[in-house]
Amino acid sequence: MEPTGMGANLRAVRLLLIAAWCGLTWTAGYVVAPLLFRMLDDRLLAGSIAGELFRIQAWVSVVVALLLLWSALAVRRGALWRDAEVRIVFGMLLCTLVGYFALQPLMHGLRELMAAHGSEVPDSIRSRFAVVHGVSAVFYLAHSLLGVWLVLRQARSLAPR
């Protein structure tokens with residue numbers, strides 16, 4: 001049975017939010033950021049632009065995740081953790097909080113430290129940056145894959161039964 005009225009409207013808004021959120025995540029991380037580093041000779045400029053893009057993506061992620069969690073709470077009124085979609089959205093939010101709001105400040109500090117050393121950056125600082133960047137990339141990938149799972153669940157729920 002198809003939802004009608006407010007239920008259908010809420011479902012449509014949720015679907016739109018999920019599609020926009022995942023589209024932004026995938027486009028920013030797997031299209032625009034690599035393109036910046038490939039097309040711009042100045043890696044510092046490419047990194048600055050990519051950083052701004054990831055800042056926007058992170059804040060959009062927080063807002064959309066909170067809206068989706070709030071709407072799930074409004075509709076279900078309890079037993080939220082039994083809902084796989086709620087767990088997926090919470091996982092995506094957690095990936096953003098760790099990947100951007102915890103690890104990005106560390107990378108920023110290491111970038112500043114490298115800039116202070118000029119062309120004589122010690123290998124220990126470079127390797128720390130590489131490790132933190134790698135861990136951040138793993139969280140971004142996890143966020144992206146959870147997004148794929150969320151979109152597939154949404155597509156399955158739209159299929160006629």
Side-chain angles (χ1 to χ4, degrees), residues 9-76 80-81 83-117 121 124-157:
N9 290 340
L10 182 58
R11 184 171 184 78
V13 169
R14 284 178 57 86
L15 288 170
L16 182 61
L17 282 173
I18 290 167
W21 181 21
C22 291
L24 171 62
T25 298
W26 301 330
T27 302
Y30 305 111
V31 177
V32 178
L35 190 63
L36 288 169
F37 283 95
R38 195 173 73 226
M39 293 190 72
L40 297 176
D41 291 330
D42 185 345
R43 294 188 62 75
L44 192 58
L45 176 61
S48 294
I49 296 169
E52 183 64 17
L53 181 63
F54 288 127
R55 184 186 67 78
I56 292 166
Q57 187 276 334
W59 280 108
V60 167
S61 289
V62 169
V63 170
V64 171
L66 292 176
L67 285 171
L68 291 172
L69 292 171
W70 173 79
S71 71
L73 182 62
V75 169
R76 291 174 187 84
L80 283 181
W81 291 111
D83 186 330
E85 287 180 22
V86 167
R87 291 193 307 267
I88 294 168
V89 169
F90 185 77
M92 291 173 76
L93 176 60
L94 188 62
C95 286
T96 297
L97 294 176
V98 172
Y100 186 79
F101 294 100
L103 295 174
Q104 286 296 325
L106 288 174
M107 286 197 311
H108 180 71
L110 289 168
R111 236 182 260 113
E112 286 181 345
L113 195 55
M114 287 191 294
H117 281 85
V121 179
S124 62
I125 296 173
R126 285 185 199 276
S127 64
R128 275 190 287 177
F129 180 82
V131 167
V132 174
H133 188 275
V135 171
S136 177
V138 167
F139 275 97
Y140 199 87
L141 177 63
H143 180 277
S144 301
L145 293 175
L146 286 168
V148 170
W149 189 14
L150 185 61
V151 167
L152 291 175
R153 287 186 60 84
Q154 293 297 310
R156 195 174 335 138
S157 73

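Start at 1 with the first residue, then count along the sequence.
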[X] side, atom [atom1]; [Y] side, atom [atom2] - distance, nearest 0.5 Å:
X    : Y    : atom1 : atom2 : result
H133 : R111 : NE2   : CZ    : 7.5 Å
L141 : L146 : CG    : CG    : 9.5 Å
L106 : S136 : CG    : OG    : 10.0 Å
I18  : L150 : CD1   : CG    : 4.0 Å

In a table with atom names and distances, give each donor-acceptor pair under 3.5 Å that connects a side chain of residues 85-104 to protein atoms at least two apart or in another chain.
unit_1 : atom_1 : unit_2 : atom_2 : d
E85    : OE1    : Q154   : NE2    : 2.7
E85    : OE2    : Q154   : NE2    : 3.0
R87    : NH1    : W81    : O      : 2.5
R87    : NH1    : R82    : O      : 3.3
T96    : OG1    : M92    : O      : 3.2
T96    : OG1    : H143   : NE2    : 3.4

For this session: Any chance you could lay out the side chain to side chain contact (heavy atoms under 4.5 Å, CB included) test for V148 and L152, step after step, and finish with the verdict?
Result: CA-CA 6 Å; V148 170; L152 291 175; 3.9 Å; yes
Exercise. Heavy-atom distance under 4.5 Å between the side chains of V64 and L24, does that happen here?
Worked result: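 No, side chains not in contact.
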Please tabulate, for side-chain N and O atoms in residues 56-63, each donor-acceptor pair with protein atoms closer than 3.5 Å (sequence neighbours left out).
unit_1 : atom_1 : unit_2 : atom_2 : d
Q57    : NE2    : T25    : OG1    : 2.8
Q57    : NE2    : S61    : OG     : 2.9
S61    : OG     : W21    : NE1    : 2.8
S61    : OG     : Q57    : O      : 3.0

Problem set entry | Which atom of A46 lies closest to which atom of L40, heavy atoms considered |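 Of all heavy-atom pairs spanning A46 and L40, the closest is CA-CD1, 3.9 Å.
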Only distances under 3.5 Å count here; give the side-chain donor-acceptor pairs of residues 26-39 to other protein atoms, sequence neighbours excluded, each with its distance to 0.1 Å.
unit_1 : atom_1 : unit_2 : atom_2 : d
W26    : NE1    : S144   : O      : 3.3
T27    : OG1    : G23    : O      : 2.7
Y30    : OH     : S144   : OG     : 2.9

